[in-house]
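Indexing begins at 1, ligand by ligand and atom by atom, following the structure's order.
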Amino acid sequence: MKSPPKRSTGHQPSARRTLNLRQLTLRQLEIFEVVARLGSFTRASEVLHLTQPSVSMQVKSLAQAIGQPLFEQTGRQVHLTAPGRALYETCRELDALWSRFEAQVDDIGGLRSGHLRVSVVTTAKYFLPRALGLFCRQYPGIEVELEVQNRDGILARLRDKLDDFHVMSMPPPGWAIDAEPFLDNPLVLIAPPDFKPPRGPISLSDLAEQRFLLRETGSGTRMAFDEYVTRQRLPLTRRMTLGSNEAIKQAVAGGLGLAVLSRHALTRADLAEVKLLKVRDFPLHGVWHIVHWHGKPLSAAAAAFRDFLREFAKAESSALEAPVLSRGKNR
Ligand code: PGA
């Protein structure tokens, strides 16, 4: 016969569970979070610079302490179980709490010390480090981490709340974010230096026979150009994908085709090697935004850098003004 279930005392958590949860360590949670986020023990061990067996062992001890399996395996894929998903959410909340605590500690130290984590799309990598350099000279005690990725990469970092704020042109619609526009990011059409466009005012359809060099899928530059081409129903059939602004500039300079790039990606030296084309609707209008989660308080360092960026952008935008970029004149 089954013995009757023990009555819960209500307020007291069960002794066994309390004891086991005390065996958890922050390090185990950190390792678990990376495995869950990357969906792979192998990739997690690379990122964490640990061997795979030690990652597995830490996750196993964590599962034992919780008393539930955290992952299940189908073939080579690992998936979170229901308790695993709940723990992953908890880890992310803990992370957000910890960042808030760090920001509070930083704020107590004012701008004499503190951390600043910013991630930016690749179009901004020609601009932002210069601003950051000047900022760091003004506030030498602030420790800075800057991450550069394409739009998809920045969205992943935003989702995972890895940075104080982000810089990107096309903030994702429908996310609970604040996005403050702060500097134009015009997308220009470039060609090899000896390229002879048809005479007179032209539009992109007059160049449809040309080969177009495109950024990779996941790039915002690529997305903006694809959207324009779709809107205009342009039959651009000769396409080639190259994974970076630098590779595209070199390929255009070498005569491989035409491309659309951020005007910021073209230095004075680049402009001697490629030709900016005057084409109707170009430059395509884009604007960089400072993006962070709505309601997320910025640390003193992050708020100071955001203010600094606004001022730096004003000077930069007048430097970018060039006759070829005036959209009115191309029409
Ligand atoms: P990306 O930048 O092409 O590097 O993704 C896009 C952007 O300016 O937002």
Counting both backbone and side chain atoms, is some N or O of R215 under 3.5 Å from an N or O of ligand 1?
yes
Is S219 close to ligand 1, meaning an N/O of one under 3.5 Å from an N/O of the other?
yes
Have a look at S169, S262, G220, S244 and point out the one with the heavy atom closest to atom 9 (O) of ligand 1.
S169
Quick check on the hydrophobic clustering: are W288 and L128 connected, directly or via other members, by side-chain heavy-atom contacts under 4.5 Å?
yes
Could you tell me whether F135 and F312 have their ring centroids closer than 6.0 angstrom?
no
Kindly check if the number of other-residue, nucleotide or ligand heavy atoms within 6.0 Å of CZ (R37) is above 12?
yes
Using atom types as modelled and distance alone, determine if a side-chain donor or acceptor of T81 lies under 3.5 Å from a backbone N or O of P69.
yes
For ligand 1, note which part of N185 has a heavy atom under 4.0 Å away: side chain, backbone, both or neither.
side chain
Does an N or O from Q149, backbone or side chain, lie closer than 3.5 Å to an N or O of ligand 1?
no
Under 4.0 Å from a heavy atom of W288: give me the atoms of ligand 1 that qualify, with their elements.
8 (O)
Tabulate below the donor-acceptor pairs under 3.5 Å that side-chain atoms of residues 208-220 make, not counting sequence neighbours, or state none.
| from | atom 1 | to | atom 2 | distance (Å) |
| --- | --- | --- | --- | --- |
| R211 | NH1 | L256 | O | 2.7 |
| R215 | NH1 | T122 | OG1 | 3.1 |
| R215 | NH1 | N245 | OD1 | 2.8 |
| R215 | NH2 | T122 | OG1 | 3.3 |
| E216 | OE2 | N150 | ND2 | 2.9 |
| S219 | OG | T221 | N | 3.1 |
| S219 | OG | R222 | N | 3.0 |

Quick check: does G218 get an N/O under 3.5 Å from an N/O on ligand 1?
no
Side chain to side chain donor-acceptor pair (under 3.5 Å) between S299 and H115: does it pass, once the steps are laid out?
CA-CA 8 Å; S299 67; H115 286 86; over 6 Å; no
